[in-house]
Amino acid sequence: MSNKRNRLLYGFMIIIVIALGLLSRRMNNIIPDFLNTYLGDALWALMVFFIFGFIFIDAETKKIALIGILFCYLIELSQLYHANWIDNIRRTTLGGLVLGYGFLWSDLLAYTIGIGIGVIIELLPLKLRGKNIK
C-alpha cells in the first residue's frame with residue numbers, strides 16, 4: 001500500500017528521534033546496560049527509516065524498510081574498512097555518529113529492530129483505522 005507521507009510530520013519525527021538518541025547518550029547511567037548497549041543503534045536506524053520516508057513520500061512502507069535496512073547494513077559493513085581518510089572522518093563527532101567506529105554483528109540486530117519500530121509506527125495508525133495494509 002502506498003501512503004503519502006506528511007513531510008512536516010516526518011521532519012518532526014526525525015528531530016524527535018535525534019533528540020532521543022542524544023539524550024540516551026547523556027542518560028546512559030540510568031538506562032539499563034542491556035538496553036543502553038543497543039538503544040543508540042536502534043534509534044539511529046529508526047531515524048534512517050524516517051529520513052527515507054521523508055525523501056520518498058509516495059513509496060510503500062516495505063520499500064522504505066528495505067532501503068533503510070540496506071543502508072544501515074552497508075554503513076555497518078563499511079566499518080570493516082579502515083584507511084586513514086575514513087578513520088579521520090570517524091574521529092569527528094558527526095562522522096562517528098553517521099559512520100560508526102567498528103563492526104559489530106549485534107548492531108545488525110539493533111538496526112533491524114529500529115527499522116521494525118519505524119514500520120510499526122507507520123502502519124499502526126492505518127491498521128487501527130481498518131485500512132488494508134500490504
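Here the structure is a predicted model, which means the values were calculated and not measured. For this chain, numbers begin at 1 and follow the sequence in order.
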- Query: For Phe52, which residues count as a ring-ring contact (aromatic ring centres under 6.0 Å, His included) partner, sequence neighbours excluded?
  - Reply: Phe71

- Tell me, with the steps shown, if Met47 and Leu43 meet side-chain contact (heavy atoms from CB on, under 4.5 Å). CA-CA 6 Å; Met47 177 199 66; Leu43 287 170; over 6 Å; no

- Task: Please round to the nearest 0.5 Å and tell me the distance separating atom OG of Ser24 and atom CD1 of Ile30.
- Result: 11.0 Å

- CG-CG distance between Leu104 and Asp41, expressed to the nearest 0.5 angstrom: 8.0 Å

- Message: Give me the atom names and distance for the closest heavy-atom approach of Ala65 to Val119.
- Response: CB-CG2, 3.7 Å

- Query: Taking a hydrophobic cluster as the set of Ile, Leu, Val, Met, Phe, Trp and Tyr residues connected by side-chain heavy atoms closer than 4.5 Å, whether directly or through intermediates, do Phe56 and Tyr10 fall within one such cluster?
  - Reply: yes

- Arg91 and its side-chain hydrogen bond (donor to acceptor under 3.5 Å, both in side chains) partner, picked from Asp87, Asn88, Thr93: Asn88

- Query: Passes side-chain contact (heavy atoms from CB on, under 4.5 Å), Ile121 versus Phe49? Steps please.
  - Reply: CA-CA 11 Å; Ile121 289 171; Phe49 178 86; over 6 Å; no

- Message: Under a 3.5 Å distance rule, please check whether Arg5 uses its side chain to pair with a backbone N or O of Phe50 as donor and acceptor.
- Response: no

- State plainly whether one hydrophobic cluster holds both Leu20 and Met27, where clusters connect Ile, Leu, Val, Met, Phe, Trp and Tyr through side-chain heavy atoms under 4.5 angstrom apart. yes

- Message: To the nearest 0.5 Å, what is the distance between CD1 on Ile64 and OG1 on Thr61?
- Response: 7.5 Å

- Query: Going only through I, L, V, M, F, W and Y residues with side-chain contacts under 4.5 Å, is there a path from Leu80 to Ile69?
  - Reply: yes

- Query: From Tyr81 OH over to Leu99 CG, what is the distance, rounded to the nearest 0.5 angstrom?
  - Reply: 12.5 Å

- For Arg7 and Ile55, the nearest pair of non-hydrogen atoms, with its separation, is NH2-O, 3.0 Å

- Query: About how many Å separate CD1 of Ile86 and CD of Gln79, when rounded to the nearest 0.5 Å?
  - Reply: 9.0 Å

- With rounding to the nearest 0.5 Å, note down the distance linking CG in Leu46 to CG in Leu39. 10.5 Å

Which atom pairs, one a donor and one an acceptor, fall under 3.5 Å between side chains of residues 109-117 and the rest of the protein, sequence neighbours left out?
{"from": "Tyr111", "atom 1": "OH", "to": "Glu76", "atom 2": "OE1", "distance (Å)": "2.7"}
{"from": "Thr112", "atom 1": "OG1", "to": "Tyr73", "atom 2": "OH", "distance (Å)": "2.6"}
{"from": "Thr112", "atom 1": "OG1", "to": "Leu108", "atom 2": "O", "distance (Å)": "2.8"}

- Note on the structure: Closest non-hydrogen contact found for Gly95 with Thr92 is N-OG1, 3.0 Å

- Item | ILVMFWY cluster, Ile18 and Leu94 together (side-chain gap under 4.5 Å) | yes

- ring-ring contact (aromatic ring centres under 6.0 Å, His included) involving Phe12 - partner list, sequence neighbours excluded: none

- Heavy-atom nearest pair, Asn29 first then Arg26, reads OD1-O, 4.0 Å

